[in-house]
6 protein chains.
Amino acid sequence: MRPSGRKLDEMRGISIETGVTKHAEGSCLIRCGDTHVLCTATIEEKAPPFLKGSGLGWVTAEYGMLPRATNTRNRREASAGKQSGRTQEIQRLIGRSLRAGVDRVALGERQIVVDCDVLQADGGTRCAAITGGWVALRLAVNKLIKAGAVTSDPITDHVAAVSCGIYAGQTVLDLDYAEDSEAGTDGNFILTGRGRLIEVQMSAEGSTFSRDEMGRLLDLAEAGCARLFEAQRAAN
Amino acid sequence: MRPSGRKLDEMRGISIETGVTKHAEGSCLIRCGDTHVLCTATIEEKAPPFLKGSGLGWVTAEYGMLPRATNTRNRREASAGKQSGRTQEIQRLIGRSLRAGVDRVALGERQIVVDCDVLQADGGTRCAAITGGWVALRLAVNKLIKAGAVTSDPITDHVAAVSCGIYAGQTVLDLDYAEDSEAGTDGNFILTGRGRLIEVQMSAEGSTFSRDEMGRLLDLAEAGCARLFEAQRAAN
Amino acid sequence: MRPSGRKLDEMRGISIETGVTKHAEGSCLIRCGDTHVLCTATIEEKAPPFLKGSGLGWVTAEYGMLPRATNTRNRREASAGKQSGRTQEIQRLIGRSLRAGVDRVALGERQIVVDCDVLQADGGTRCAAITGGWVALRLAVNKLIKAGAVTSDPITDHVAAVSCGIYAGQTVLDLDYAEDSEAGTDGNFILTGRGRLIEVQMSAEGSTFSRDEMGRLLDLAEAGCARLFEAQRAAN
Amino acid sequence: MRPSGRKLDEMRGISIETGVTKHAEGSCLIRCGDTHVLCTATIEEKAPPFLKGSGLGWVTAEYGMLPRATNTRNRREASAGKQSGRTQEIQRLIGRSLRAGVDRVALGERQIVVDCDVLQADGGTRCAAITGGWVALRLAVNKLIKAGAVTSDPITDHVAAVSCGIYAGQTVLDLDYAEDSEAGTDGNFILTGRGRLIEVQMSAEGSTFSRDEMGRLLDLAEAGCARLFEAQRAAN
Amino acid sequence: MRPSGRKLDEMRGISIETGVTKHAEGSCLIRCGDTHVLCTATIEEKAPPFLKGSGLGWVTAEYGMLPRATNTRNRREASAGKQSGRTQEIQRLIGRSLRAGVDRVALGERQIVVDCDVLQADGGTRCAAITGGWVALRLAVNKLIKAGAVTSDPITDHVAAVSCGIYAGQTVLDLDYAEDSEAGTDGNFILTGRGRLIEVQMSAEGSTFSRDEMGRLLDLAEAGCARLFEAQRAAN
Amino acid sequence: MRPSGRKLDEMRGISIETGVTKHAEGSCLIRCGDTHVLCTATIEEKAPPFLKGSGLGWVTAEYGMLPRATNTRNRREASAGKQSGRTQEIQRLIGRSLRAGVDRVALGERQIVVDCDVLQADGGTRCAAITGGWVALRLAVNKLIKAGAVTSDPITDHVAAVSCGIYAGQTVLDLDYAEDSEAGTDGNFILTGRGRLIEVQMSAEGSTFSRDEMGRLLDLAEAGCARLFEAQRAAN
């Protein structure tokens, strides 16, 4: 039995509200249950130095969490003087995932920075950040298209992410914090709209899992991402 | 003529939405026009080391701004590795101001941390943070009272802040970014509900002002704060 | 009764010794009672990047305190690895204040850095730094004029600062450390030689003040700055 | 055709030399082809603060790379003033993986720190670090057993890691740098001696992969780890 | 011929003014020609952690240079966020040298911190810091003796330092900046009042020297330190 | 009697293994008894900025120690966020020493970076780093000569270093850790192949020494370096 009373393959409610900040080229507030992430996309006409003269664009991401997004207050990273290893790991993952859905030639030599800031956390923040980050990216790219700055759509496919894990011996979809903190194995699955895999990260802190369990988690992830792609389509 | 079309003594629309995050002991989202600040108050049963054994409580504040809260993206302070001088100056101001409305003996030897994070900026973020921060503090203290953790109300008065300045030769109330970036003189006025002054910061970057102008700005500030106290009362 | 035996409106003895270091373009050692600050002005022919091509000059300041300038030793900021919020707040204030007395067009696209290092502290270090910093700046600009590097005098007026506060219920001028550490309200007032205000910072740590008290403090400040302008004129 | 001339399922030569430093409680130099990692295990009788009084032990890891371990010199992280996101990600992975093969109750309230320093890199450094780190850990724990400090063996199983990926359209085992830098998809697979999975990290930088390909990579990884477990057994 | 016109074995004028700051337990301003260093000694009743319970005292030093102590302005280390390697090297040297003249048992379990801040630099700042630092230390220890906090004098001997080098092919005493920046070989010699050596640091940046030259430099250093011991005795 | 049983003027066994890493232009693993240092030399075709256009080359060095190179584990400097004062002091010494054996005009406007990483420490790591660093530098320069990048040999002489000290009242050669940690006086002597001195650093932590003792230590150092030059010649 899941703490939330959800069925094993039941996702939390998803809402994606777009245009939530007046300054950003693209923005949304994604809510996956009680996990709320504010995503903004910023277009910078200058690509990073390592791409100078290459004609290729870049998509990168930064991730943050408000100090009291969690049950007990976390130290503010700006005050601590550095981003934690966890934060860096997450923002590298978001960037890699979003780039898998982008044609960097079509984007041209510019950069889009996707900022994902967790306002409230209840598990699955990095997955919500990827799913919402894609929407912010989509909206920003729409502006480029409308302005004639790109001649073909640089976005090649949807990108979304969901977590699955083994909780109390059962394979479950879309873990919330109560499950995540107890799960023996949990994983993040990032997929494209056509069902291709971008990234699979399965981890068993102090535990292990079998190939068979891995397959069942993947089944759940495919079903979950289908739901997320719908929500993304509805949001635009 | 003000860029927004407002009258010289007209404030922007104010809204204070409480209970916006499920984890914090007190929280609100304050909107002063297009300036939106998420304020949370966290109760920590342990006071800072310098108060150990004193029986006195402490209220402190931290301030942050999402990278794309502004018109062009600002570098994330966590990634830059330090808080700017401006950030530190602001959060010290918020803490000092809120403490002026608190009876630290009645609070007892515990700490309340008020986090003010700007989701969208359009001038006056520090004033909005103080006004909204007070609401989050008020709500958190209500929990202490309800739980019987304090025997008398540690909050002695309302605290609110507003900016005024000299824009295009006129004294104006509640500057937005368009005004703030052009104003010869601008100031922040922090007042108590009873009309006492807590802090006055008037600054004339590359310019100067007279005592008479200072008096007129103070008149505007008193009128503005009266409006903010109403909004605070309505929010609780 | 003031701890020093001074009258309510009595300043401490002021001395300004110029030319105290052979390397700097302008320098002085200012002594306001037992507060001693070494001020140097350095001319850099290159303006900061944000002014490139603007034709405008810049004046900036840095502030430091020797570890044993105070009664108990403070940790050296260079060893701590960062400047405190207080230090940054003060040096931003010094820079803003000095710029208010400078015509940045006449200065031309160059920068003057004013370093204010407290050798001995007894309250009012930021005010002494501004008053002495102006003298160092004046001397450095004199060199520019003498060398024909500027065609009209970029300095438009004197700038000086004094602190006033409410000590033991009385409004007093030029607080020393014994008063400053006990004062309910204290403020820094930065004025031009013509009596215009540049900056007013009044703060009531854990306390409040009235408009009437604010007016009386301003009266004291005007009288105090008049004395400082005399000392500046005598020093050149 | 692989750049090294190896068959698709052929690993590089493995050697594990133990006792390579006289100070550490356990140590080895692991060579996987031209990737050479020096692994040491340090026993600290004090567990980290978050385990105080829990009776549980901890295994953690740190990872580093000598500046000229690579083809072009990398900046020394100690001189840069921080560990890169990549370094932190890797050392967190090593620590998690090794803990999956440890009974933390049997270990008792102490900590073992495994340092993995890459002397020469040619792809797969994190996998070599895990495989060699396990050997250093095994040797250190042997000392605890011999000294009677633990009553049952805290090590529950072997842990080893190998990378697999899709290179030039083919699924290949144990990528070297020439392959790794070109591979569309690559992954790290961490297994226990009994064939259970600890961690799977598959990533397709700017590309995607299918479930079928994922299965084939897992087959290769199982075969590869079998070879690594043999090498670990031979080394002890 | 030396740039200053001094003879090969001629020192610069030395002056040591004591009691220059009212807060420190011991202080002096030492002037060796145009090199001016403000030295203060602070008594801390708590020894550093590594001496806890040992009954031994400690003497340590910190060194700094005001930004405009030099001909061109140096970046402030507090603002740069770290002390340079040069600064750390110098302050470690000062601390080691002063400890050689102290009986740490007689000092008792307390610490004396000697701060040496260069107000104006013209070569030989570390030597002036040691010579002046000893005077500040002597004065602080005198207070301990007077207060009965120590029963025998913890200071066992004078400590002073002088630089010598090979300039334009000649061995010269007490190099100023003009010489120091051109010297093939230069060295710092730290001696006790009884003529014993504490530290010898000879360095030939891009050059070399002979044993015979080393002997002649040592002769000069002995003569120079004799002069410094006189100045120290006159200062007390 | 020395802890190792060595005679007063007996060095530890020396071995220098070259070509130990496939990437670096020059490399060796030097073993002086139980002190093992991996040295690599990297040729960078770009000289540091301060030499731009000068036609002069540069040789610099960096030094590090693996966390468990020592008897108890040291904190990793990359994780601590900075290099210690000791590390910076050592790497500056290595760089200066190697430059004394290099004709920077002949080297041409390029830089060679010598990295010295201590794999196992037993005293004398900085001396081993200099002696081994020279071999790595020699090998890298050989490549430049072979490639015709330089027309005459930029290396003018051998450079080697040895430590000597006063242990248990006796002057001894090549201190190991057991001696070094107890020695009243110890020194590092850096010599050229022709017997000229490059650097002499004698230090008496909490103690003193005479000119006569200094002479005897220098005799030992000359004998020791003769042995090291042989080992360098044999290694090439």
Side-chain angles (χ1 to χ4, degrees), chain A residues 19-27 29 31 33-46 60-84 86-88 91 111-122 136 140 176-177, chain B residues 19-27 29 31 33-46 60-84 86-88 91 111-122 136 140 176-177:
Chain A
V20 292
T21 161
K22 72 169 188 173
H23 297 303
E25 281 75 42
S27 72
L29 175 60
R31 291 187 183 87
D34 281 334
T35 290
H36 302 172
V37 185
L38 183 62
C39 305
T40 60
T42 297
I43 300 171
E44 296 178 350
E45 284 303 318
K46 205 173 151 186
T60 190
E62 287 193 4
Y63 171 93
M65 201 184 257
L66 297 195
R68 196 56 199 280
T70 44
N71 192 38
T72 54
R73 186 177 183 274
N74 285 298
R75 188 168 179 200
R76 190 178 287 271
E77 289 189 329
S79 144
K82 61 173 180 178
Q83 294 180 302
S84 69
R86 178 188 171 275
T87 291
Q88 291 183 67
Q91 65 193 12
Q111 174 167 257
I112 302 183
V113 182
V114 177
D115 285 290
C116 302
D117 285 273
V118 180
L119 305 187
Q120 187 177 275
D122 187 31
D176 56 29
Y177 179 73
Chain B
V20 293
T21 161
K22 71 169 188 173
H23 297 302
E25 281 76 43
S27 71
L29 175 60
R31 292 188 183 85
D34 281 334
T35 290
H36 302 172
V37 185
L38 183 62
C39 306
T40 60
T42 298
I43 300 171
E44 295 177 350
E45 284 303 318
K46 206 173 150 184
T60 189
E62 287 193 4
Y63 170 92
M65 201 182 256
L66 296 196
R68 197 56 200 280
T70 43
N71 191 38
T72 54
R73 186 177 183 274
N74 285 298
R75 188 167 178 201
R76 189 177 287 270
E77 289 188 329
S79 142
K82 61 173 181 179
Q83 295 179 302
S84 70
R86 178 188 171 276
T87 292
Q88 291 182 69
Q91 64 193 13
Q111 174 166 256
I112 301 184
V113 182
V114 177
D115 285 290
C116 302
D117 285 273
V118 180
L119 305 187
Q120 189 177 275
D122 186 32
D176 56 30
Y177 179 75

Structural part of [X] lying under 4.5 Å from a heavy atom of chain A:
X: B:Ala80; value: neither
X: B:Ser27; value: neither
X: B:Val20; value: backbone
X: B:Asp34; value: side chain

Donor-acceptor contact below 3.5 Å, side chain B:His36 vs main chain A:Thr21 = no

key: Under the side chain to side chain donor-acceptor pair (under 3.5 Å) test, residues paired with B:Asp117 that sit two or more places apart   = A:Arg76

request  = Only counting residues at least two apart or in another chain, list the ones meeting side chain to side chain donor-acceptor pair (under 3.5 Å) with B:Glu25.
outcome  = A:Arg68

query = With respect to chain A, which residue among B:Lys22, B:His23, B:Glu44 yields the maximal number of heavy-atom pairs within a distance under 4.5 Å?
reply = B:His23

message = Out of B:Thr40, B:Leu66, B:Thr87, B:Leu38, return the one with the most heavy atom pairs under 4.5 angstrom to chain A.
response = B:Leu66

query = Quick one: which of B:Glu62, B:Gln88, B:Glu77, B:Lys82 gives a side chain to side chain contact (heavy atoms under 4.5 Å, CB included) with A:Ser79?
reply = B:Glu62

note = So CG of B:Asp115 and CZ of A:Arg73: to nearest 0.5 Å the spacing works out to 4.0 Å

key: Euclidean distance, A:Asn74 CG relative to B:Thr42 OG1, rounded to 0.5 Å   = 10.0 Å

Top contributor to chain B interface from A:Gly64, A:Ser84, A:Ala41, A:Pro67 [non-hydrogen pairs under 4.5 Å] = A:Pro67

Heavy-atom proximity to chain B below 4.5 Å, by part of A:Cys39 = neither

